[in-house]
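Note that these values count all heavy atoms, side chains included, but never hydrogens, waters or copies made by symmetry. In this chain, numbering begins with 1 at the start of the sequence shown. Whatever order the structure lists them in is the order used to number ligands and atoms, beginning at 1.
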Amino acid sequence: MPTLGAIADDFTGATDLATMLVARGHRTVVTVGPESLTDGPGGAAVRDADAVVVALKSRTAPVDEAVGTSLAALRALRLAGCERFYFKYCSTFDSTPVGNIGPVADALLAELDERRTVVVPSFPATGRTVYKGRLFVHDELLDESPMRHHPLTPMRDSHVGRLLTPQTRHQVRLVGLDTVRQGADALRAALDAPELADSLVVVDAVSDEDLVTVCAATTHLALVTGAAGLALGLTGPHPEAARATPASRPGDPGVVLSGSASSATRAQVAHARTRLPNRKLDIAALRADFTGEVAALVDFVRRSWEEEPGTPPLIHSVDDLGDLEQAAPDDGPAASELVERALAACATALVAAGARRVLVAGGETSGAVVTALGVRTLSIGAPIAPGVTWARADGRAHGQEHTVDLALKSGNFGDTAIFTEAWSALA
Ligand SMILES: Nc1ncnc2c1ncn2[C@@H]1O[C@H](COP(=O)(O)OP(=O)(O)O)[C@@H](O)[C@H]1O
Ligand SMILES: O=C(O)[C@@H](O)C(=O)COP(=O)(O)O
């Protein structure tokens with residue numbers, strides 16, 4: 001029975017955290033939304049797990065909806081037996097002045113009858129560190145990094161406390177690296193100080209060892225919040241926790257679907273465009289004839305499978321940031337919505353046509369694709385890069401049950417060659 005329950009605000013984040021938990025000895029299952037915790041085959045997988053991560057698409061949802069789905073997830077996790085909880089958000093603190101990190105953290109604390117938690121976006125393996133409360137992405141402050149230009153959550157400040165304060169009813173405090181470096185006992189004493197009783201406490205961490213200290217100092221908190229790095233110190237009961245075997249065989253049809261605008265993905269797209277058959281979404285054509293345009297993309301992929309068997313084609317939506325500047329017409333959907341719907345429709349048609357391995361880039365994009373594929377649970381398989389993994393996905397789309405290998409790649413994760421090299425991990 002699981003004891004650790006996590007709520008992830010997007011789907012790439014859910015597999016990012018789950019792969020870390022598996023590596024730390026937790027048998028872990030990802031469920032798509034809270035319903036899959038109890039319904040159908042998900043129920044059995046959950047009972048056999050040490051940890052469950054509920055994947056939500058709440059990062060950019062309206063605040064009420066994000067709070068509602070997060071509370072539903074918490075309640076379902078408690079019913080499944082979980083006693084400790086982890087709210088996973090982005091290592092670049094993706095949010096707006098109204099949320100959703102603050103409102104969800106507030107609501108989870110209230111539901112658990114708790115008043116304090118920690119805020120730890122640091123994830124050094126992917127270059128995210130927090131020092132003096134400022135979030136760095138590799139060598140740059142968050143607001144000087146490409147996250148400044150994110151289409152949905154542009155990050156224009158790097159001070160985590162300043163970002164969080166307008167989002168929460170709690171006071172926001174900082175515990176600095178000097179205290180973390182004094183060890184777990186000193187850090188716990190600092191966190192338990194009466195003046196921090198009613199607080200979201202941002203904790204500095206610049207190395208893996210710092211995160212292990214933060215974990216050791218927070219075992220008494222019912223809720224912790226952060227990126228996947230915080231799970232580094234959460235040791236589970238099954239050091240040899242098995243990874244799911246691939247659903248596909250080498251050479252099976254595959255596809256890369258990228259709706260990410262992140263700088264790392266743009267470099268990966270540029271690399272893949274010289275090596276893989278590829279097509280770019282045409283937003284104007286989608287607006288004019290959505291069904292026809294999706295059918296043309298699906299035809300293109302199917303022809304590529306015949307002409308170059310074993311080579312996964314790429315469908316992408318962004319080469320450079322100029323691609324994001326198309327304003328939505330007054331009476332039409334936003335380009336971002338069209339992109340998500342188009343890639344989701346391609347995914348379902350291609351899985352119905354025989355795709356057995358699908359690599360998706362972008363968190364929002366992954367949410368749209370996984371939801372359209374009717375995926376209920378994801379079992380963590382072979383790792384690809386820090387924060388990126390293959391997962392075996394059971395779902396139902398077009399009236400048919402299917403099992404496919406899915407990799408949900410966060411926009412900014414992975415090496416430049418990931419779209420051509422990720423497949424070897426499935427061999
Ligand atoms: N050409 C485009 N024009 C406008 N929005 C786009 C375009 N391409 C992608 N998007 C949208 O940008 C968002 C990207 O978010 P996400 O998938 O989380 O990836 P990332 O955070 O890495 O950029 C999605 O909502 C996607 O639909
Ligand atoms: O913590 C992280 O950085 C990732 O797990 C994540 O959530 C990234 O989001 P996207 O870039 O939107 O995929």
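Listed by first and then second residue, the salt bridge (charged side-chain N to carboxylate O under 4.0 Å, His left out) pairs involving residues 404-415 amount to none (not counting sequence neighbours).
For ligand 2, the 4.0 Å heavy-atom shell takes in Asp10, Thr12, Gly13, Asp16, Arg59, Lys88, Tyr89, Cys90, Ser91, Gly362, Gly363, Ser410, Gly411, Phe413, ordered by chain and residue number.
For Arg59 and Asp9, the salt-bridge test passes: some basic side-chain N is under 4.0 Å from an acidic carboxylate O. Salt-bridge annotation for Arg27 and Asp50: present, with a side-chain N of the basic residue lying under 4.0 Å from a carboxylate O of the acidic one.
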Contacts under 3.5 angstrom, residues 364-372 side chains, donor-acceptor by atom type, not counting sequence neighbours:
| from | atom 1 | to | atom 2 | distance (Å) |
| --- | --- | --- | --- | --- |
| Glu364 | OE1 | Lys57 | NZ | 3.0 |
| Glu364 | OE1 | Thr60 | OG1 | 3.3 |
| Glu364 | OE2 | Thr60 | OG1 | 3.3 |
| Ser366 | OG | Gly362 | O | 2.7 |
| Thr371 | OG1 | Gly367 | O | 2.6 |

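Taking every heavy atom of Leu324 and a limit of under 4.0 angstrom, the matching atoms of ligand 1 come to 2 (C), 3 (N), 4 (C), 5 (N), 6 (C), 7 (C). Ligand-side atoms of ligand 1 in range of Glu364: 15 (O), 16 (P), 17 (O), 18 (O), 25 (O), range being under 4.0 angstrom from any heavy atom. Close approach of ligand 1 to Val339 is summarised as follows: ligand atoms under 4.0 Å from at least one heavy atom of the residue are 7 (C), 8 (N), 9 (C), 27 (O). The ligand atoms of ligand 1 that sit less than 4.0 angstrom from a heavy atom of Gly363 are 16 (P), 17 (O), 18 (O), 19 (O). Interface atoms of ligand 1 facing Thr365, defined by a heavy-atom separation under 4.0 Å, are 17 (O). Remark: ligand 1 atoms within the under-4.0 Å shell around heavy atoms of Ala335 are 3 (N), 4 (C). Of all atoms in ligand 1, numbered sequentially from 1 with element shown, those under 4.0 Å from a heavy atom of Gly411 are 22 (O).
Here's the thing with Val318: none of its N/O atoms is less than 3.5 angstrom from an N/O atom of ligand 1. Where the criterion is an N or O separation shorter than 3.5 Å, residue side chain and backbone included, Ser336 meets it with respect to ligand 1.
A donor and an acceptor atom, one from each side chain of Thr12 and Asp10, are located under 3.5 Å apart.
By the ring-ring contact (aromatic ring centres under 6.0 Å, His included) test, Tyr89 is found to be paired with Phe87, Phe93, residues two or more places apart in sequence or in another chain being considered.
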